[in-house]
Amino acid sequence: MNLYHTILIDPPWLERGGGRIKRGADRHYPLLKTPDIVRVIRESGVFTPAEDCHLYLWTTNNFLQDGLWVVEQLGFRYITTITWAKDRFGLGQYFRGMTEHMLFGVRGRLAAVEKGVTLITAPRRKHSQKPGESYELIERVSPPPRLEMFARVRRPEWDTWGNEVLEPSLFEEEVS
């Protein structure tokens, strides 16, 4: 069993599009209520953080409060928010979103390999596909071994867990 120093989680928040037409995440994959996200992570058999560990948790504006709760429930102390500023806006009821966030938390005392910044500016991609810059940032700041949960694509030198994991070449074909 691997004990991970770095864990990245992109949960399937219960984010739904408005109206009769499915426009939200619910048209792409099964969604979970926030308490179920914590349960699924704990019961996955792969969530094995080392005593000293960094956690990165993706969240949307709508689920920021839930994201902070999940960080705490998983046994981490919230440190900061890393924001992904996208090149075009998406949907929204009051405001049209152009950002997504990665909450950073720690467990124990694991120092950063190198300092990072809290802003990623990168184009919006296919639904739920995160920018490569986010992985590069994590790899610069946080040491291996690394685990990505609710992953969509395998990445070199990372362990992956999720029901949509594809080989990188297959994922690129899917994107086109």
Margin query: If the threshold is 4.0 Å, N to carboxylate O, is there a salt bridge linking K130 and D10?
Written below: yes
Item checked: Note: K33-D36 ion pair, threshold 4.0 Å (strictly below) -> no
Does some side-chain heavy atom of [Y] sit less than 4.5 Å from a side-chain heavy atom of [X]?
{"X": "W58", "Y": "L8", "result": "yes"}
{"X": "H5", "Y": "C53", "result": "no"}
{"X": "I7", "Y": "F47", "result": "yes"}

Note to self: Using only atom types and a distance under 3.5 Å, with no angle test, would you say the side chain of T80 pairs donor to acceptor with the backbone of F104?
What the structure shows: no
Is there a chain of hydrophobic side chains (I, L, V, M, F, W, Y, each step under 4.5 Å between heavy atoms) that links [X] to [Y]?
{"X": "V46", "Y": "F150", "answer": "yes"}
{"X": "V113", "Y": "M102", "answer": "no"}
{"X": "I138", "Y": "Y4", "answer": "no"}
{"X": "M149", "Y": "V40", "answer": "yes"}
{"X": "F63", "Y": "I41", "answer": "yes"}

Can you give each donor-acceptor pair under 3.5 Å made by side-chain atoms of residues 139-147, sequence neighbours left out, with the distance rounded to 0.1 Å?
{"residue": "E139", "atom": "OE2", "partner": "R155", "partner atom": "NE", "Å": "3.2"}
{"residue": "E139", "atom": "OE2", "partner": "W158", "partner atom": "NE1", "Å": "2.7"}
{"residue": "S142", "atom": "OG", "partner": "H54", "partner atom": "ND1", "Å": "2.5"}
{"residue": "S142", "atom": "OG", "partner": "Y56", "partner atom": "OH", "Å": "2.6"}
{"residue": "R146", "atom": "NE", "partner": "S142", "partner atom": "O", "Å": "3.1"}
{"residue": "R146", "atom": "NH2", "partner": "E139", "partner atom": "O", "Å": "3.2"}
{"residue": "R146", "atom": "NH2", "partner": "S142", "partner atom": "O", "Å": "2.7"}

Solution key, residues 82-92 side-chain donor-acceptor pairs under 3.5 Å, sequence neighbours excluded:
{"residue": "T83", "atom": "OG1", "partner": "H101", "partner atom": "ND1", "Å": "3.0"}
{"residue": "W84", "atom": "NE1", "partner": "A122", "partner atom": "O", "Å": "3.0"}
{"residue": "K86", "atom": "NZ", "partner": "E100", "partner atom": "OE1", "Å": "2.9"}
{"residue": "D87", "atom": "OD1", "partner": "R124", "partner atom": "N", "Å": "2.8"}

Name each donor-acceptor pair under 3.5 Å that joins a side chain in residues 64-78 to protein atoms two or more places apart or in another chain, with its distance.
{"residue": "D66", "atom": "OD2", "partner": "T34", "partner atom": "OG1", "Å": "2.5"}
{"residue": "Y78", "atom": "OH", "partner": "T81", "partner atom": "N", "Å": "3.2"}
{"residue": "Y78", "atom": "OH", "partner": "T81", "partner atom": "OG1", "Å": "2.6"}

Notebook entry, point to check: Closest approach of P11 and L57, non-hydrogen atoms and distance?
Noted result: CG-CD1, 3.6 Å
Check: What pair of heavy atoms forms the shortest contact from E133 to I120, and how long is it?
Finding: CB-CG2, 3.8 Å
Margin query: With side-chain contact (heavy atoms from CB on, under 4.5 Å) as the criterion, how do L14 and L32 come out once you've worked through the C-alpha distance, each side chain's angles and the decisive distance to 0.1 Å?
Written below: CA-CA 5 Å; L14 193 59; L32 293 171; over 6 Å; no
Notebook entry, point to check: Which distance, rounded to the nearest 0.5 Å, do you find between the OG1 of T160 and the CD of E148?
Noted result: 7.5 Å
Check: Can I37 and W13 be said to form a side-chain contact (heavy atoms from CB on, under 4.5 Å), step by step?
Finding: CA-CA 8 Å; I37 288 170; W13 299 109; 3.5 Å; yes
